[in-house]
Amino acid sequence: ISAAVKRLQSYGLNPGAAKVTVRTVREEDWAHTWKKYYKPLKIGKHIVIKPTWESYEGGAGDIVVELDPGMAFGTGGHETTSMCIEFLEEYVKKGSTVFDIGCGSGILSIVSSKLGASRVIAVDIDEVAVKVSRENVKVSGAQNIEVKQGNLLDVVEGKADIIVANIIADAIISVTPQIREYLKSGGLFISSGIIRDRAEDVKKTLFNNKFDIVKYKELGEWVAIAAAL
């Protein structure tokens with residue numbers, strides 16, 4: 001790195017002293033220090049994401065989800081997650097079956113359960129995400145969430161009223177043809193994790209697979225889409 005920075009002189013740039021220093025950082029330092037910045041967060045009308053180590057006095061109608069994301073994706077603070085939560089708040093009904101594929105911290109599964117879903121299956125290919133999700137489900141007290149390790153829809157059975165996938169555009173495009181097999185007639189496919197530049201590609205794939213786009217959200221550089229079968 002030091003040698004490369006010094007070569008900047010050949011491009012007419014002055015790198016200054018170009019000193020490179022190295023130090024070892026204990027894993028616990030970065031794994032836990034961030035927690036001081038993670039505070040209770042209200043999303044949508046009633047959903048409050050509360051870190052397990054924080055106290056929170058909820059207001060009337062608040063649905064509080066306790067969460068420790070650990071090293072898995074999903075604190076609620078990212079645009080893609082918050083848009084999914086807003087969609088779930090709008091569309092999950094009492095007795096709904098929800099499949100959460102690419103569940104990360106388990107946040108969307110727990111929200112679905114709190115909103116009245118009677119059966120939730122959470123799936124992630126990552127071992128750490130599965131471990132974290134199971135821990136968060138236990139903290140939530142939900143008895144109707146099953147967390148499985150596997151590749152997207154390969155490990156689920158039956159059909160859902162709602163399938164939510166907060167992953168990336170390429171994965172959504174790849175899995176969309178399969179979604180139909182696991183979604184009840186009139187069911188809803190909520191997809192997010194889509195960078196705005198890829199939104200048209202995802203929309204085209206949904207149209208080609210006979211989905212009707214019910215609602216489209218943008219927040220920052222990100223897009224979430226609710227599509228009905």
Side-chain angles (χ1 to χ4, degrees), residues 34 38 41 43-44 47 49 65 67 69-92 98-112 115 117 120-130 132-133 136 145 147-156 160-180 182-183 187-209 211-229:
W34 63 272
Y38 182 29
L41 174 67
I43 301 172
I47 307 298
I49 309 301
V65 175
L67 196 79
M71 293 173 67
F73 177 79
T75 63
H78 196 276
E79 292 95 329
T80 60
T81 311
S82 63
M83 287 189 290
C84 281
I85 290 172
E86 290 172 357
F87 274 147
L88 290 171
E89 187 175 28
E90 183 173 356
Y91 294 114
V92 172
V98 178
F99 295 165
D100 175 11
I101 56 177
C103 61
S105 67
I107 183 171
L108 300 179
S109 294
I110 298 168
V111 167
S112 297
L115 287 168
V120 182
I121 297 180
V123 179
D124 206 294
I125 197 168
D126 181 68
E127 185 176 346
V128 172
V130 170
V132 170
S133 287
N136 283 322
I145 302 174
V147 183
K148 296 186 174 187
Q149 184 174 358
N151 184 32
L152 299 179
L153 291 167
D154 291 348
V155 293
V156 301
D161 298 287
I162 296 174
I163 295 177
V164 57
N166 184 18
I167 38 181
I168 60 173
D170 284 337
I172 292 165
I173 289 168
S174 175
V175 80
T176 295
Q178 290 179 262
I179 292 291
R180 297 178 58 86
Y182 295 91
L183 201 59
L188 200 69
F189 177 33
I190 297 171
S191 56
S192 190
I194 307 162
I195 199 74
R196 189 185 296 167
D197 290 346
R198 299 299 310 281
E200 288 303 317
D201 295 334
V202 174
K203 286 166 66 177
K204 182 178 178 181
T205 301
L206 290 167
F207 285 133
N208 289 342
N209 285 275
F211 281 92
D212 294 321
I213 293 178
V214 176
K215 195 163 286 189
Y216 178 94
K217 286 180 181 283
E218 285 189 8
L219 191 57
E221 292 299 313
W222 300 94
V223 168
I225 300 170
L229 186 60

Residue pair V123, L152: steps toward the side chain to side chain contact (heavy atoms under 4.5 Å, CB included) verdict: CA-CA 6 Å; V123 179; L152 299 179; 5.9 Å; no

Rounded distance (nearest 0.5 Å) linking atom OH of Y91 with atom CG of D161: 14.5 Å

Is there side-chain contact between I167 and I172, with at least one heavy-atom pair below 4.5 Å? yes

From CA spacing to verdict: side chain to side chain contact (heavy atoms under 4.5 Å, CB included), I101, I179: CA-CA 11 Å; I101 56 177; I179 292 291; 4.2 Å; yes

Residues in salt bridge (Lys or Arg N to Asp or Glu O under 4.0 Å) with K148, at least two apart? E146

Heavy-atom pair with the smallest gap, counting every atom of V98 and S112: CG1-OG, 3.7 Å

Distance from S105 atom OG to I110 atom CD1, nearest 0.5 Å? 7.0 Å

Which residues pass the side chain to side chain donor-acceptor pair (under 3.5 Å) test with K215, sequence neighbours left out? E90

Distance from D100 atom CG to S133 atom OG, nearest 0.5 Å? 7.5 Å

Shortest non-hydrogen contact from G104 to D124? N-OD2, 2.9 Å

I'd like to know if the side chain of N151 reaches the main chain of D154, judged simply by a donor and an acceptor atom lying under 3.5 Å from each other, with no hydrogens or angles considered. no

Residues forming a side chain to side chain donor-acceptor pair (under 3.5 Å) with E89, sequence neighbours excluded: none

Among residues at least two apart in sequence or on other chains, which ones pass side chain to side chain donor-acceptor pair (under 3.5 Å) with T80? H78, N166

CD1 on I213 to CD1 on I225, rounded to 0.5 Å: 5.0 Å

E221: salt bridge (Lys or Arg N to Asp or Glu O under 4.0 Å) partners, not counting sequence neighbours: none

D201: what forms a side chain to side chain donor-acceptor pair (under 3.5 Å) with it, not counting sequence neighbours? R198

Working to the nearest 0.5 Å, report the span between OG of S192 and CG of L219. 9.0 Å

If you compare all heavy atoms of C84 against all heavy atoms of V164, which two are closest, and at what distance to 0.1 Å? SG-CG2, 4.0 Å

Decide side chain to side chain contact (heavy atoms under 4.5 Å, CB included) for I195 and W222; before the verdict, give the C-alpha distance in whole Å, the side-chain angles of both, and the deciding distance to 0.1 Å. CA-CA 5 Å; I195 199 74; W222 300 94; 4.0 Å; yes

If you round to the nearest 0.5 Å, how far is CD of E200 from OG1 of T205? 11.0 Å

Here the pair of heavy atoms bringing K203 nearest to Y216 is CD-CE1, 3.9 Å

Quick one: sort the F189 and F211 rings into parallel, tilted or perpendicular, breaks at 30° and 60°. tilted

So, does D212 use its side chain to make a donor-acceptor pair with the main chain of A228 at under 3.5 Å? no

Side chain proximity check, I107 to I85, heavy atoms < 4.5 angstrom: yes

Under a 3.5 Å distance rule, please check whether S174 uses its side chain to pair with a backbone N or O of D170 as donor and acceptor. no

Would you please test Y38 and L67 for side chain to side chain contact (heavy atoms under 4.5 Å, CB included) and show each step? CA-CA 10 Å; Y38 182 29; L67 196 79; 3.7 Å; yes

L108 vs T81 side-chain heavy atoms within contact, under 4.5 Å: yes

Of the non-hydrogen atoms in T75 and I49, which two are nearest, and what is the gap between them? O-CG2, 3.3 Å

Kindly give the heavy-atom pair with the smallest separation between K217 and E86, and that separation in Å. NZ-OE1, 3.2 Å

